[in-house]
There are 2 protein chains.
Amino acid sequence: MATITDVAKEANVSVATVSRVLNKKNSVKPETVERVQKAIEKLSFEPNMSARNLRRNETRVILIIAPNITNPYYSHILAGIGDAANESKYSALIYNTSGDIAREKAGLEMLKKKRADGAILLANGMNSTWIQEYSKEYPIVQCSEYALKLDIPRISIDNYKAATDVMNYVIGLGHKRIATISSSNNYVSTALRLQGYLDSLKCHDLEIHKEYISMASVDYSFKSGKSCAYELLQQKYRPTAIFCISDILALGAITAASELGIRVPEDLTVIGFDDVDNTTMFHPYITTIAQPCYELGKESFRILNACMNDEKGINKKIVLPHKFIIRESSAPISI
Amino acid sequence: MATITDVAKEANVSVATVSRVLNKKNSVKPETVERVQKAIEKLSFEPNMSARNLRRNETRVILIIAPNITNPYYSHILAGIGDAANESKYSALIYNTSGDIAREKAGLEMLKKKRADGAILLANGMNSTWIQEYSKEYPIVQCSEYALKLDIPRISIDNYKAATDVMNYVIGLGHKRIATISSSNNYVSTALRLQGYLDSLKCHDLEIHKEYISMASVDYSFKSGKSCAYELLQQKYRPTAIFCISDILALGAITAASELGIRVPEDLTVIGFDDVDNTTMFHPYITTIAQPCYELGKESFRILNACMNDEKGINKKIVLPHKFIIRESSAPISI
DNA sequence: TTCTAAAATGTAATCCATTACATTTTAGTA
DNA sequence: TACTAAAATGTAATGGATTACATTTTAGAA
């Protein structure tokens, strides 16, 4: 593997000049530039990144801490981050943590070790404070989930607003017995959606029934959506609408309903959240809140990039718009 | 940020000794080790990876070249690679190429630039030969897809066998008018599955009808599965079974059938491939070939690791077992 | 106690690109 | 032609960890 010294010899110049050509400094004579470039080509030289990074004290690598890259919600964000990073000549190191905080920390250690210049966290718990110590020293942004009390840049949708959008719509359809399938995880998004659900009921003078609030397992899985829905739907006064905090849960709820002989949307309105791939793969197509996943990813990188460049006046709380998409799984109540 | 020199001073030893402690060389007195470790802790020192990598001429990073991390098939492989890599203290740099060869190459340049020690390709076209030049110089393995004429390590299932498994089963159910939804991409997997389809028909003295071979768009999308199925099913002698080379295509086919009033599996048998998440999310659950995605990923890393360590006698053609899972979308023909 | 081999530690070169500072070349002016 | 400022190029230090080789310390033998 050729080094800059080899190129310098080949082109009959000093290493400094080669470096200037590499970094497009303009104080090199055009003919010299050409001579150097020919040498570079001839030796098929590529600068050694470790050496460059050592000297420049940067890596052009960012870290992505994700709980589960297999989840399409995250994978779309990942794609957005990756594309934005690429445009700015950054590479993305992905840490799949399976929600294990030890692995999250192990990932962030990469910052200390100078393997990466900054990090994007995709699933920061709303009460976690340990990020702070890293955030003080390194550029970190939180995407879609965030810790409540920390002043670390974050990008997300307005989950509370989204939930009230859903509820206003459902209530507008005439539903009064409205259930929700939430989760016992530790995410702000979950908390805010639940709060939106509760506040909307209150706001419309509808009673809050504990039996209508079901907690899915932390993984939001299809299975748990199904079993939550089973419970909800087998009550004496079963709900006529279910607001699920993810599409997969909604899918599970619809499956449960169909197995119980309850028609969606005629007998039951089901609303999802996220609008990932599966919402229009079979009927009824799911009414849902669409999150701009890819854009969330792109924007996260933009902010991280700004932080890495020490730009002033970075907006630390970015809210991207969601979209409420009405499809087939919701309908006015039929008494 | 503390350096090894700072630690050396703090512990009153030379940098060499600190380095020995860091790298667990045994020629250091236990008490010295302790002293150094205290200094490391006190200064919260972490070795600078760029410096280490430069000196060691390795990066402990591997490259993953993937066409679309959003596709659950790939994302499961990615998860497998990531976990295996982590176990061996490697990090994974993911390049999402969107199938763009220029970006694949840009990714592989990372090897030349010493940003990564090896690469795993997830979607190498069956005729692409350009990889060879990289493979000669750097450890590269191909996962699930591979170039036919190159002697580069590869891990995959036996796609031909899987296809004949499907066909033998379908033919055994009594079907004679069997269609396939394939794709006009450039993957061996696709070619082998089609070959398996054709050979099985021949082998059972069934005629091959061009009208029964439908080519989906290269992205294997739900939409294109649906439109292919529409075409297949609106023929005069419509097929009674469709072998789809992906579950998403099968999902599309089932949707098309249901929209045309054709019942699955009573009037039409539909078989998928891959067994990603969506096969059991609604009825009919899809009969399909399950690929061991996660294991394919893990095994890919193992092989790559062996290559990076210059191990001898590496098996260059690894075939992992697939599983044929019979569910609800297939049934004996009802004449 | 003295000597020797082994153990422990230290010194300095090395990996390779970048860049501050130094020197040489060039172009333009007087 | 002589001189100066600007342009072009070169020299050598730098970044931080590793490691070959050198030196010192220690333990055990004589």
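Every value quoted in this text rests on a predicted model; they were computed, and no experiment measured them. Protein chains get the first letters and strands the later ones, always in sequence-line order, with residue 1 at the start of each.
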Separation of [X] atom [atom1] from [N] atom [atom2], in whole Å?
X: Asn26(A); N: dT9(D); atom1: CG; atom2: P; result: 12 Å
X: Arg56(B); N: dC16(C); atom1: CZ; atom2: P; result: 16 Å
X: Met49(B); N: dT18(D); atom1: CE; atom2: P; result: 9 Å
X: Lys114(B); N: dC15(C); atom1: NZ; atom2: P; result: 13 Å
X: Ile40(A); N: dC16(C); atom1: CD1; atom2: P; result: 16 Å
X: Glu58(A); N: dC16(C); atom1: CD; atom2: P; result: 20 Å
X: Glu46(A); N: dC16(C); atom1: CD; atom2: P; result: 15 Å
X: Arg60(B); N: dT18(D); atom1: CZ; atom2: P; result: 13 Å

Check whether any side-chain nitrogen or oxygen of [X] sits under 4.0 Å from OP1 or OP2 of [N], and answer yes or no.
X: Asn53(B); N: dA17(D); value: no
X: Thr3(A); N: dC16(C); value: no
X: Lys25(A); N: dT19(C); value: yes
X: Thr32(B); N: dT9(C); value: yes
X: Ser27(A); N: dA8(D); value: no

Checklist entry - Using a cut-off of 4.0 Å on non-hydrogen atoms, how would the nucleic acid contact of Val15(A) be classed: base, sugar-phosphate, or nothing? => result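 Base contact.
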
Next on the checklist: At 4.0 Å (heavy atoms only), tell me whether Asn57(A) reaches a base, stays on the sugar-phosphate, or touches nothing.
Outcome noted: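 Counting heavy atoms under 4.0 Å across all strands, no contact is made by Asn57(A).
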
Which nucleotide in the set [options] lies at the smallest distance from any side-chain heavy atom of [X]?
X: Thr17(B); options: dA8(D), dT9(C), dA17(D); answer: dT9(C)
X: Ala16(A); options: dG16(D), dT18(D), dT11(D); answer: dT11(D)
X: Ser14(B); options: dT19(D), dT9(C), dA17(C); answer: dT9(C)
X: Arg20(A); options: dG10(D), dA12(D), dG16(D); answer: dG10(D)
X: Ile4(B); options: dA17(D), dG16(D), dA17(C); answer: dA17(D)

Next on the checklist: As an exercise, state the distance from CG of Asp83(B) to OG of Ser98(A), rounded to the nearest 0.5 Å.
Outcome noted: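 Atom-to-atom, Asp83(B):CG and Ser98(A):OG are 6.0 Å apart.
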
Next on the checklist: Using 0.5 Å steps for rounding, measure from the CD1 atom of Ile155(A) to the CG atom of Leu320(A).
Outcome noted: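 The CD1 atom of Ile155(A) sits 8.0 Å away from the CG atom of Leu320(A).
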
Item to check | Taking every non-hydrogen atom, the tightest pair across Ala2(A) and Asp6(A) | outcome: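 Smallest heavy-atom distance, with atoms named: CA-OD2, 3.3 Å.
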
Next on the checklist: Testing the basics here: between Ile69(A) and Ser75(B), what is the closest heavy-atom pair and its distance to 0.1 Å?
Outcome noted: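 Answer, listing the atom of Ile69(A) first, then Ser75(B): O-CB, 3.6 Å.
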
Item to check | Salt bridge present between Lys316(B) and Asp151(B) (N-O < 4.0 angstrom) | outcome: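 Looking at Asp151(B) together with Lys316(B), the answer is yes, because their closest N to O distance falls below 4.0 Å.
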
Next on the checklist: Please compare Lys29(B) and Ala51(B) by the position of their nearest nucleotide in DNA chain D and report the one closer to 5'.
Outcome noted: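 Checking each residue's closest nucleotide, the 5'-ward one belongs to Ala51(B).
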
Checklist entry - For the rings on Tyr90(A) and Phe301(A), is their centre-to-centre separation under 6.0 Å? => result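 Centroid separation for Tyr90(A) and Phe301(A): below 6.0 Å.
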
Checklist entry - Which residue lies toward the 5' end of DNA chain C, Val13(B) or Phe45(A), if each is placed at its nearest nucleotide? => result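 It is Val13(B) whose nearest nucleotide is closer to the 5' end.
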
Next on the checklist: With nearest nucleotide decided by heavy atoms, which residue, Arg35(B) or Leu54(B), maps closer to the 5′ end of DNA chain C?
Outcome noted: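 That would be Arg35(B).
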
Item to check | Side chain Arg55(B) and base dG15(D) donor-acceptor under 3.5 Å | outcome: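 It does not, because no donor-acceptor pair links the side chain of Arg55(B) to the base of dG15(D) below 3.5 Å.
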
